[in-house]
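First up is the structure itself, then whatever we jot down about it.
These numbers come from a predicted model, not from an experiment. Throughout, a chain's letter reflects where its sequence line sits, starting with A, and its residues are numbered from 1.
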There are 2 protein chains.
Amino acid sequence: MRERPDLRERKKQATQEALREAALRLALERGTANVRVGDIAEAAGVSPRTYNNYFSSREQAIVAAVTAHREARIAKAMADQPTGTRLADAVAEAIVRGYTDPGEDDHAALLLIATDPALRHAFLDATAGIEPPLIAALAQRLGRAEHYVAQVLAASVTAAVRIALERWLRPADPAPAALLVPTGSLPDLLRGALEPLAPALNAAEASRGNSARYT
Amino acid sequence: MRERPDLRERKKQATQEALREAALRLALERGTANVRVGDIAEAAGVSPRTYNNYFSSREQAIVAAVTAHREARIAKAMADQPTGTRLADAVAEAIVRGYTDPGEDDHAALLLIATDPALRHAFLDATAGIEPPLIAALAQRLGRAEHYVAQVLAASVTAAVRIALERWLRPADPAPAALLVPTGSLPDLLRGALEPLAPALNAAEASRGNSARYT
DNA sequence: ACGCAAACTTGCGTGCACGCAAGTTTGCGG
DNA sequence: CCGCAAACTTGCGTGCACGCAAGTTTGCGT
């Protein structure tokens with residue numbers, strides 16, 4: 001019993017998802033403040049203690065319902081980039097795709113997150129999750145020798161994304177007239193945030209030394 | 001009673017420092033695990049509740065004893081850079097100075113932090129504190145119009161620093177022979193982490209005032 | 001010098017995160 | 001088909017973070 005051939009794994013993922021969705025559903029029904037961790041656990045059919053084996057805060061579970069597949073999507077989008085693409089473009093494209101969820105926009109959830117400070121924070125923290133796939137993708141493009149560089153660049157990209165999301169979620173300061181939804185153009189914000197990093201990404205790619213080409 | 005002319009302020013800072021130092025001292029004397037928040041509060045002469053008005057976790061206080069003046073040092077170091085310096089160099093220099101504490105190395109504390117996972121995490125999180133001063137400094141160099149760019153670059157630099165610190169604190173994987181102290185060359189690690197960002201920083205500086213796009 | 005409002009402290013109550021040490025399930029080896 | 005060890009769940013206990021609603025301090029305006 002050493003591998004992960006996916007049977008136990010399946011059940012785990014199911015539980016995780018059950019918790020996520022229960023958390024979000026309850027948070028939407030009653031306010032965020034009126035959801036106890038026990039409620040979520042109960043709704044998902046596990047003990048409160050088990051809840052904390054999956055999520056280490058109430059907010060994390062709620063946010064995870066929205067964040068769920070982002071990392072995987074970004075990883076895939078990076079892999080899908082045509083080999084000729086300039087690194088900076090590849091990254092920007094992959095990020096935008098990762099944050100452009102096909103079919104699952106869930107405006108209500110986003111409004112909720114944008115509204116509640118604790119949720120906003122948790123949502124932004126979840127951004128860190130995209131770093132590992134980015135490291136992997138960059139390390140591959142730049143070569144194993146440049147692992148440190150890949151790490152730094154991945155961290156920078158992640159940071160830039162965070163800035164974009166922060167701005168995206170920023171509640172309207174001046175006119176409190178409308179209940180402003182986080183509807184700015186996310187893709188534009190993301191591309192704008194990544195643009196300043198383009199020189200760094202492309203420079204790293206250019207100096208990809210003398211190691212033999214892949215393919 | 002609207003300003004902050006420094007008298008009440010002084011007392012606040014004193015309390016903060018008392019807490020910080022008490023926290024570190026106790027953590028060093030007994031292990032981290034044997035320090036309750038109440039002990040720290042008592043040692044600093046305030047109520048436990050007040051402790052939490054200053055720090056939102058036990059680890060934060062301990063780490064703060066080491067982190068304390070970093071942000072201010074970096075801000076000053078940035079301001080001190082000769083106006084002719086290339087942005088990337090200015091930033092690298094300022095960061096290195098900020099993390100090179102004159103006279104206060106406190107090996108014991110660093111060992112403690114490097115050892116305990118929770119403390120390590122808190123220490124790395126504290127890195128985020130250097131972002132605001134960096135934003136300010138970069139915004140000044142790049143011009144107010146490029147505030148978004150300044151934010152992104154500051155966040156990237158912060159992320160790079162974090163990577164460097166992570167590596168610095170990484171416990172020795174292969175040979176568990178010696179109790180490895182976090183003694184790598186921090187300055188070198190920092191410069192190495194910042195190098196990949198140099199093209200981005202210099203490019204931003206070069207294009208100061210040209211492109212009128214800030215999505 | 002006095003008073004008062006803002007700023008800060010404190011006790012209390014609630015919900016929570018998480019280590020630990022049982023129990024229970026899972027699925028591979030024989 | 002059986003047994004067993006790793007993986008996962010659960011209850012319990014402890015310390016903790018933080019909102020709230022008093023108290024207490026501070027220092028400006030007059």
Tell me: [atom1] of [X] to [atom2] of [N], nearest whole Å?
X	N	atom1	atom2	answer
Q16(B)	dA7(C)	CD	P	19 Å
L19(A)	dC8(D)	CG	P	15 Å
N34(A)	dG19(D)	CG	C1'	14 Å
R49(A)	dA7(D)	CZ	C1'	15 Å
E59(A)	dC18(D)	CD	C1'	12 Å
R10(B)	dT26(D)	CZ	P	13 Å

| said: Just to be sure I understand the rule, does F55(A) reach a base, reach only the sugar-phosphate, or reach nothing, if contact means heavy atoms closer than 4.0 Å? | reply: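 No contact.
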Where the side chain of [X] is concerned, which of [options] is the nearest nucleotide?
X	options	value
N52(A)	dT9(C), dA17(C), dT10(D)	dA17(C)
R8(A)	dC18(D), dT25(C), dT26(D)	dT25(C)
S47(A)	dT9(D), dT10(D), dC16(C)	dT10(D)
V37(B)	dC16(D), dT26(C), dG15(C)	dC16(D)
K11(B)	dC8(D), dT9(C), dT25(D)	dT25(D)

Hey, does the side chain of [X] come within less than 4.0 Å of [N]'s phosphate (OP1/OP2), counting only N and O?
X	N	answer
T50(A)	dT9(D)	no
K12(B)	dA7(C)	no
Y51(B)	dA17(D)	no
R36(B)	dC16(D)	yes

| field | 5' precedence on DNA chain D between N53(A) and S57(B) (nearest-nucleotide basis) | value |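 It is N53(A) whose nearest nucleotide is closer to the 5' end.
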| First of G45(A) and R58(B) reached from the 5' end of DNA chain D, by closest nucleotide |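 Here G45(A) is the residue nearer the 5' end.
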| request: Grab the two heavy atoms, one from Y99(B) and one from L190(B), that are nearest each other, plus how far apart they are. | output: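 The answer is CB-CD1, 3.7 Å.
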| Ion pair check, E59(A) and R120(A), cut-off under 4.0 Å |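 Not counted as a salt bridge, because no side-chain N and carboxylate O are separated by less than 4.0 Å.
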| field | salt_bridge(E93(B), R97(B)) N-O dist < 4.0 Å | value |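 Between R97(B) and E93(B) there is a salt bridge, with a charged N closer than 4.0 Å to a carboxylate O.
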| Complementary nucleotide of dA22(C), counting Watson-Crick and G-U pairs under 3.5 Å |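 Base-paired to dT9(D).
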Result block: side-chain N/O donor-acceptor pairs under 3.5 angstrom for residues 29-38 of chain A, not counting sequence neighbours:
unit_1 : atom_1 : unit_2 : atom_2 : d
E29(A) : OE2    : R25(A) : NH1    : 3.0
R30(A) : NH1    : N34(A) : O      : 3.2
R30(A) : NH1    : D39(A) : OD2    : 3.0
R36(A) : NH2    : A33(A) : O      : 2.4

| Is a side-chain donor or acceptor of Y51(A) paired with a backbone partner of S57(A) at a separation under 3.5 angstrom? |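 Yes: the side chain of Y51(A) pairs with the backbone of S57(A).
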